Protein chains: 2
Amino acid sequence: MELRQLRYFVAVAETGNISRAAQAIFLTQPALSRQIKALEGEIGRDLLERRANSVRLTAAGEVMLPVARELLQHAERLLQLVRGG
Amino acid sequence: MELRQLRYFVAVAETGNISRAAQAIFLTQPALSRQIKALEGEIGRDLLERRANSVRLTAAGEVMLPVARELLQHAERLLQLVRGG
DNA sequence: TCAAATTACGGTCGACGTAAGGATC
DNA sequence: GATCCTTACGTCGACCGTAATTTGA
């Protein structure tokens, strides 16, 4: 698991749509789809419930989202702290 | 910045020696040395003070170490939470 | 048929290992 | 000279984009 993948996951969760998320983070749909799959594989849980024209978070995804956001904010704070000091 | 690089940095900080850290995390000395350099480049601060037979943390490195540890623990908690739930 | 996701395939960039070089004790 | 760290160089894997396939409204 890497921060990059958490950023991807949060982007998808925020749009509820892999295509738009991909645009938002300047990536293609397949690339993003693959990374989410890889993340799910490593975690051992599905994070998205694939639907017709969109995706929804699974229970595991709902649990993950706020913690992933915290973690990314934590990483931002780390950078500010080390750079600022 | 990726979690992998933070894991590498913590390993180096814990041994005070790139060679031994590399052994501990099953990596070669050059690979580890490069990743630390890359991390320093991205952050914009030196993290290590290169000495004769070892390395020491710089001020920025000392600031970074505890936060990096927290962040990695945070990542572990995330995994446990998502897997356990 | 349209819009979304996935799978397949090829290319490119990055991380790694081996080997060589440099510095300090 | 021994033990570090770094630089150079080639390889392999990972991520990415394009194209093709699949699925559902």
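Below, read A as the first sequence line, B as the second, and so on, with proteins coming before strands; counting in each chain starts at 1. Bear in mind the structure is a predicted one, so any value in this text is a computation, not a measurement.
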Tabulate protein N/O versus nucleotide N/O from nucleotides 9-14 of chain C, keeping only pairs under 3.5 Å, one per line.
none

Less than 4.5 Å apart, side chain to side chain, heavy atoms only: is that true for A:Leu39 and A:Met1?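 Yes, their side chains come closer than 4.5 Å.
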Please check: side-chain N/O of [X] versus main-chain N/O of [Y], any donor-acceptor pairing under 3.5 Å?
X: A:Glu49; Y: A:Arg56; value: no
X: A:Gln35; Y: A:Leu32; value: no
X: A:Thr58; Y: A:Asp46; value: yes

Which of the following nucleotides, C:dA5, C:dA4, D:dT6, is nearest to the side chain of B:Arg50?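 Within the option list, the nearest is D:dT6.
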B:Arg20: what forms a side chain to side chain donor-acceptor pair (under 3.5 Å) with it, not counting sequence neighbours?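 Scan of B:Arg20 (side chain to side chain donor-acceptor pair (under 3.5 Å), adjacent residues dropped) gives none.
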Can you pull out every salt bridge (charged side-chain N to carboxylate O under 4.0 Å, His left out) where at least one residue sits in residues 32-42 of chain A? Sequence neighbours excluded, please.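 Checked against salt bridge (charged side-chain N to carboxylate O under 4.0 Å, His left out) - neighbours excluded - the pairs reaching residues 32-42 of chain A are A:Glu40-A:Arg50.
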Can you list every salt bridge (charged side-chain N to carboxylate O under 4.0 Å, His left out) pair that touches residues 63-75 of chain B, not counting sequence neighbours?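 Checked against salt bridge (charged side-chain N to carboxylate O under 4.0 Å, His left out) - neighbours excluded - the pairs reaching residues 63-75 of chain B are B:Glu14-B:Arg69.
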By nearest heavy atom, map A:Asn53 and A:Tyr8 onto DNA chain D; which one lands nearer the 5' end?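 Closest to the 5' end, via its nearest nucleotide, is A:Tyr8.
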Please identify each residue that fulfils salt bridge (Lys or Arg N to Asp or Glu O under 4.0 Å) with A:Arg4, with sequence neighbours left out.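 By the salt bridge (Lys or Arg N to Asp or Glu O under 4.0 Å) rule, A:Arg4 matches no residue at all.
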Atom-pair distance (CG on B:Leu3; P on C:dA15), nearest Å: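 Atom CG in B:Leu3 sits about 14 Å away from atom P in C:dA15.
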Separation of atom CD in A:Glu2 from atom P in D:dG13, rounded to whole Å: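 Those two atoms, CD and P, are 19 Å apart.
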Could you check which residues of residues 15-33 of chain A get a heavy atom under 4.0 Å from DNA chain C? Sort them by number, please.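 Those residues whose heavy atoms fall under 4.0 Å from DNA chain C, taken from residues 15-33 of chain A in numerical order, are A:Asn17, A:Ile18, A:Ser19, A:Gln29, A:Pro30, A:Ser33.
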